Amino acid sequence: MWERKRERERRKRKRKRAAMASSACSKSMIPLGGLCEAKSKLCKVKVSVSVSLRPLAMYRKGKGKGKGMGKCSCSGVVGKNVMETCVRRWKGEEDGWCLGEKPRILVSEKLGEAGLKVLREVGEVECAYEVTQEELCRKIAGFDALIVRSGTKVSREVLEAGKGRLKVVGRAGVGIDNVDLQAATEYGCLVVNAPTANTIAAAEHGIALLASMARNVAQADASTKAGQWLRSKYVGVSMVGKTLAVIGFGKVGSEVARRAKGLGMHVIAHDPYAPSDRARSIGVDLVSFDEAISTCDFISLHMPLTPSTTNLFNDSIFSKMKPGVRIVNVSRGGVIDEDSLLRALDSGIVSQAALDVFTQEPPSPHSKLLQHHNVTLTPHLGASTLEAQEGVAIEIAEAVLGALKGDLSSTAVNAPMVSPEVMSELSPYFVLSEKLGRLAVQLVSGGTGIKSVKVVYRSSRGPDDLDTRLLRAMVTKGIIEPISNTIVNLVNADFIAKQKGLRLSEERVVVDSSPDLPLDSIQVQISSVDSKFASALSENGLISIDGKVKFGEPHLTCVGSFDVDVSLEGNLILCRQVDQPGMIGLVGNILGQQNVNVSFMSVGRTSRRKQAIMAIGVDEEPNKEALHNIGAVPSIQEFVFLKL
Ligand SMILES: NC(=O)c1ccc[n+]([C@@H]2O[C@H](COP(=O)([O-])OP(=O)(O)OC[C@H]3O[C@@H](n4cnc5c(N)ncnc54)[C@H](O)[C@@H]3O)[C@@H](O)[C@H]2O)c1
Ligand SMILES: O=C(O)[C@H](O)COP(=O)(O)O
């Protein structure tokens, strides 16, 4: 009695230690030794938490087997799930920390020290500030993350070279026009930016250029240093009472407007997407593009470079401007056609321009803009204040590390942005969604192409109160990954689905269930296919399975028109048979003879002694003989083995 109590206590302590060890490892990314053993025996692996990266490196090269590599600082038992996750992540099959090795981060342009410090706490950071495109393409395959500013072109070639390992590109700044977003999405690479930390710096630079242009500061400075004293040549114009048109009334544009108001200017703005209450609160009139450019004395540009803004300022637009207008560009060089600007300067339509950004950076030394006496130039300095650079560096470091950990960054540019609250509430349903997708696709009989999938969400909440984008992505992942070698993640799910010709529709059904839970159940239907398990077909001929989250775990609750209740873990055998006594024992026996452990069983039936479905969870994969023997049981009409 006393012995048993002591044994119970001992087990309890062991479980507690295991939980602590696994949580410490997964939270702090301590390299996890013993991963070598993890693959061969995933259950209850003895783990050494070590400061050495060696075990993993050796495992990767196929050498590792032994224990005791690295110095043990503590040990414990890590559960099967942690190790499986660990191995999947290490193999790149899943996003998230790859326990056992530090993420490698390449920084290709000058980044503030504060951000580098944050990165170095977690990852191995390499700064390669003068890297060429060719070198970048060569290097990138060895990195999990790349951090750039505006000077690095993250082209399709770079992303292709990083395919498989490169998980995130961090743009330390706002503009992402130097990143091929389409290619990043196709390769499942998340792109994050740092959109807020340089707003004030850019706005201040815009105002600095505006004022120095109005008062010829740059030209007067150059001539004075050259020994001249040209007081009458450099008579300027006043800003007070003049009209400034801000084109692009976003973060920077609004701050420029606020400051220009303080200088006594009349400010109008054009931005097709800006909310009028923001403009009103600053005392700015939102006007049409034509009104803005044709009535103002000064123009300040603050929109992104997109296909619709490229060369927006061309001959035709300059011709509509008030003669003598002055123009500041702190946004992107490409929004102005530089040849048209030169013509407008020469004809006097534009009396002065102040440019921080250029179509090509640095501009060619032969560019006529460089020599033009009415043009003031700075070398893309908008974001370059000490304060902004430190802020941007921290902002991007946190976004990149979060993304590497598998968090969905709120500054993700090519993935759905979901609030942390929604993420945490929906996370058990992500697993359910993926498992239902994985299960449904295995029910399709070989040779039939899947074209159309429908996901039905049953919830007590209204359709607007349920963000299903991530759930849809997880169903897509579950459906596509077992039948292709494509890794699907939240970034590329919709793209891959489209590429594979898979149409995924969604339906939300309001049901009377607990309002505390975001969802009551999820149903995955696949239409126009044959099933290798006919009982999975619903009355209208679709493969249909339902699942719920119970006690935080995903459960299968319906197959075709049969109710079942099985936890979705390990592997699953579904059998349809005539409902009669002894079936569970019969099948259990066959599996037992082959040393296959049954983890759970559930029987669903239409009515007594008629058709029934038996769902059997098994830890191991039954061999051919066991499966054959199950199929040979006379009362079993059909069965299928499914891997979850
Ligand atoms: N020179 C620098 O160092 C520097 C520094 C920071 C930002 N920037 C650039 O400034 C731009 C603005 O940055 P932000 O942080 O304000 O971005 P933002 O996204 O907050 O604002 C951009 C605004 O432009 C508007 N817009 C889009 N298309 C438009 C169009 N055709 N006409 C008018 N408005 C349009 C958008 O609706 C949005 O409100 C970006 O291109 C960014 O890269 C440059
Ligand atoms: O888009 C931006 O944030 C600015 O253009 C800053 O670019 P930079 O990081 O190269 O200074």
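Keep in mind that the numbers below use all heavy atoms, side chains included, and drop hydrogens, waters and symmetry copies. Because the structure is predicted, anything quoted here is derived from the model rather than measured. Both counts, for ligands and for their atoms, begin at 1 and track the order of listing.
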Those atoms of ligand 2 less than 4.0 Å from some heavy atom in [X]:
X: Val174; result: 1 (O), 2 (C), 3 (O)
X: Gly173; result: 3 (O)
X: Ala172; result: 9 (O)
X: Gly175; result: 1 (O), 2 (C), 3 (O)
X: Ala383; result: 6 (C), 11 (O)
X: His380; result: 4 (C), 5 (O), 6 (C), 7 (O)

Could you tell me whether ligand 2 has any atom less than 4.0 Å away from a heavy atom of [X]?
X: Gln389; result: no
X: Gly382; result: no
X: Glu109; result: no

| message | Is a donor from one side chain sitting under 3.5 angstrom from an acceptor on the other, for Gln219 and Tyr234? | response |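 No - no donor-acceptor pair under 3.5 Å links their side chains.
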Are any of the N/O atoms on [X], whether in the backbone or the side chain, positioned under 3.5 angstrom from an N/O atom of ligand 1?
X: Pro195; value: no
X: Gly253; value: no
X: Ser331; value: no
X: Lys251; value: yes
X: Gly175; value: yes
X: Val357; value: no

| task | With heavy atoms only and a cut-off of under 4.0 Å, state how Asn198 meets ligand 2: side chain, backbone, both or neither. | result |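 Just the side chain.
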One residue to check: [X]. Relative to ligand 1, which of side chain, backbone, both or neither has a non-hydrogen atom less than 4.0 Å away?
X: Thr309; value: side chain
X: His380; value: side chain
X: Val330; value: both
X: Arg332; value: side chain

Out of all atoms in ligand 1, which are within 4.0 Å of some heavy atom of [X]? Include the element for each.
X: Tyr273; answer: 27 (C), 28 (N), 37 (O)
X: His302; answer: 11 (C), 12 (C), 22 (C), 23 (C), 24 (O)
X: Gly250; answer: 16 (O), 20 (O), 21 (O), 23 (C), 39 (O)

Could you identify the single nearest non-hydrogen protein atom to [atom] and state the distance to 0.1 Å?
atom: atom 5 (C) of ligand 1; result: Ala202 CB, 3.4 Å
atom: atom 16 (O) of ligand 1; result: Val252 N, 2.8 Å
atom: atom 34 (N) of ligand 1; result: Gly248 CA, 3.4 Å

| From the candidates Asp271, Asn178, Val246, the one that places a heavy atom nearest atom 38 (C) of ligand 1 |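 Heavy atom nearest to atom 38 (C) of ligand 1 belongs to Asp271.
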| task | List the steps, then state whether salt bridge (charged side-chain N to carboxylate O under 4.0 Å, His left out) holds for Asp297 with Arg326. | result | CA-CA 6 Å; Asp297 307 293; Arg326 289 176 168 80; over 6 Å; no
| Test item: Thr309 side-chain N/O and Val335 main-chain N/O as donor-acceptor pair under 3.5 Å | no
| task | Mark yes or no for whether Asn198, through its side chain, and Ile200, through its backbone, hold a donor-acceptor pair below 3.5 Å. | result |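 Judged by distance alone, no pair lies under 3.5 Å.
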| Which residue pairs pass the salt bridge (Lys or Arg N to Asp or Glu O under 4.0 Å) test with at least one member in residues 414-428, sequence neighbours excluded? | Glu425-Arg461
| message | For the CZ atom of Phe143 and the CZ atom of Arg104, what is their distance to the nearest 0.5 Å? | response | 4.0 Å
| request: Taking salt bridge (Lys or Arg N to Asp or Glu O under 4.0 Å) as the test, write out the residues that go with Arg508, two or more places apart. | output: none
